[in-house]
2 protein chains.
Amino acid sequence: MQTKFESKLDHIRLHYKMWMEDSSGTGILGDGKWKMLKLIEEKGSMKAACDELGYTYRRTWGNLKKIEDFFGFPLLEKHRGGAEGGSTQLSPEGKRLVAAFDRFHADMDMVIQKGFFTFIQTLRS
Amino acid sequence: MQTKFESKLDHIRLHYKMWMEDSSGTGILGDGKWKMLKLIEEKGSMKAACDELGYTYRRTWGNLKKIEDFFGFPLLEKHRGGAEGGSTQLSPEGKRLVAAFDRFHADMDMVIQKGFFTFIQTLRS
DNA sequence: CATGGATATGCATAAGAAAACATATCGTTA
DNA sequence: TAACGATATGTTTTCTTATGCATATCCATG
């Protein structure tokens, strides 16, 4: 055993969250909404996406409204009625936003894991 | 105006949190405890640090206990009694842990800000 | 050896977020 | 044109987590 920390280091798991707020502190985009937007696009439906992620429709609807309220234009194209009851997909802007965050998130995943590895090594030696 | 996003981009602020958990999901170290540990060392007292950060002593005490319970050795050297009532400072292990997290956090601050800048630029062009 | 002020810790309460519940609306299709 | 299923949104309940409160303990110093 090198340092007192040694025996515990393997049991430490890193987590992180990134999110964006407007100047009043309202949450605009974070991991939760990001995943939700992606899944909505995949499923073609808010309800289906909520069911899969285990979120309540009510909450999701409110959260997504915040983003659109902030930007002032829709990120989602929602349709009501029809045989399927309705459907939802990303607007072109929604797609752009998600794609940008995809990239950002992928980059950060990489550097943060690397930084964490260094952190653990520091405590080890 | 280049894209629909343009007028809002200046009002978006990035936030992030990093924290570590043990395998049962108990929070070990994160921004809150990290800042608290640093301030305790600076002030030489848990109470003084809590007052400055606006945290309740009760909560802080409980949070710090979790870390020490996880590691199984003290990160703080606490002293009760005396003219000053008591005092607290970091143990050598506490200092090591804080120093390692300092470095980690500084590195991440840099890359995340850089990544965020790129994210905004992506939406701008 | 009495005092003061910080540490130590249980417990009761309040605040805030999420879940649950309830209903209305919409519009395509059978 | 009746019905179905998803979107839309207000209201209530639940739960987690922080806060507040109370009280005990400790011990260098005057």
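Predicted model only: the values in this text are computed from it and were never measured. Below, each value reflects all heavy atoms present in this structure, side chains not excepted, and no hydrogens, waters or symmetry copies. The sequence lines fix the lettering, A, B, ..., with proteins before strands; numbering per chain opens at 1.
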Item to check | Residues which pass side-chain contact (heavy atoms from CB on, under 4.5 Å) with B:K33, listed by chain and number, not counting sequence neighbours | outcome: B:L29, B:N63, B:I67
Checklist entry - Who pairs with B:I120 by side-chain contact (heavy atoms from CB on, under 4.5 Å), at least two apart in sequence or on another chain? => result B:L9, B:F116, B:R124
Item to check | Pair listing, salt bridge (charged side-chain N to carboxylate O under 4.0 Å, His left out) test, anchored in residues 85-99 of chain B, at least two apart | outcome: B:E41-B:K95
Between [N] atom [atom2] and [X] atom [atom1], what is the distance in whole Å?
| X | N | atom1 | atom2 | answer |
| --- | --- | --- | --- | --- |
| A:E68 | D:dT9 | CD | C1' | 15 Å |
| A:L53 | C:dA19 | CG | P | 12 Å |
| A:K33 | C:dA17 | NZ | C1' | 13 Å |
| A:E52 | D:dA6 | CD | P | 15 Å |
| A:L64 | D:dA8 | CG | C1' | 13 Å |

Could you write out each protein N or O paired with an N or O of nucleotides 2-12 of chain C at a distance under 3.5 Å?
from	atom 1	to	atom 2	distance (Å)
C:dG4	N2	B:G82	N	3.4
C:dG4	N2	B:G82	O	2.6
C:dG5	O3'	B:E84	O	3.3
C:dG5	N2	B:G85	O	3.2
C:dA6	O4'	B:E84	O	3.4
C:dA6	O4'	B:G85	O	3.4
C:dA6	O4'	B:G86	N	3.2
C:dT7	OP1	B:M46	N	2.6
C:dT7	OP1	B:T88	OG1	3.2
C:dT7	OP2	B:K47	N	3.0
C:dT7	O2	B:R80	NH1	3.4
C:dA8	OP2	B:W61	NE1	3.3
C:dA8	OP2	B:K78	NZ	3.1
C:dA8	O4'	B:R80	NH1	3.2
C:dG10	N7	B:R58	NE	3.1
C:dG10	N7	B:R58	NH2	3.0
C:dG10	O6	B:R58	NE	2.9

Checklist entry - By side-chain hydrogen bond (donor to acceptor under 3.5 Å, both in side chains), which residues pair with B:E52, not counting sequence neighbours? => result B:K43
Checklist entry - Taking only residues two or more places apart in sequence, or in another chain, which ones meet A:W34 in a ring-ring contact (aromatic ring centres under 6.0 Å, His included)? => result A:F101, A:H105
Checklist entry - B:M18 versus B:Y16: any side-chain heavy-atom pair under 4.5 Å? => result yes
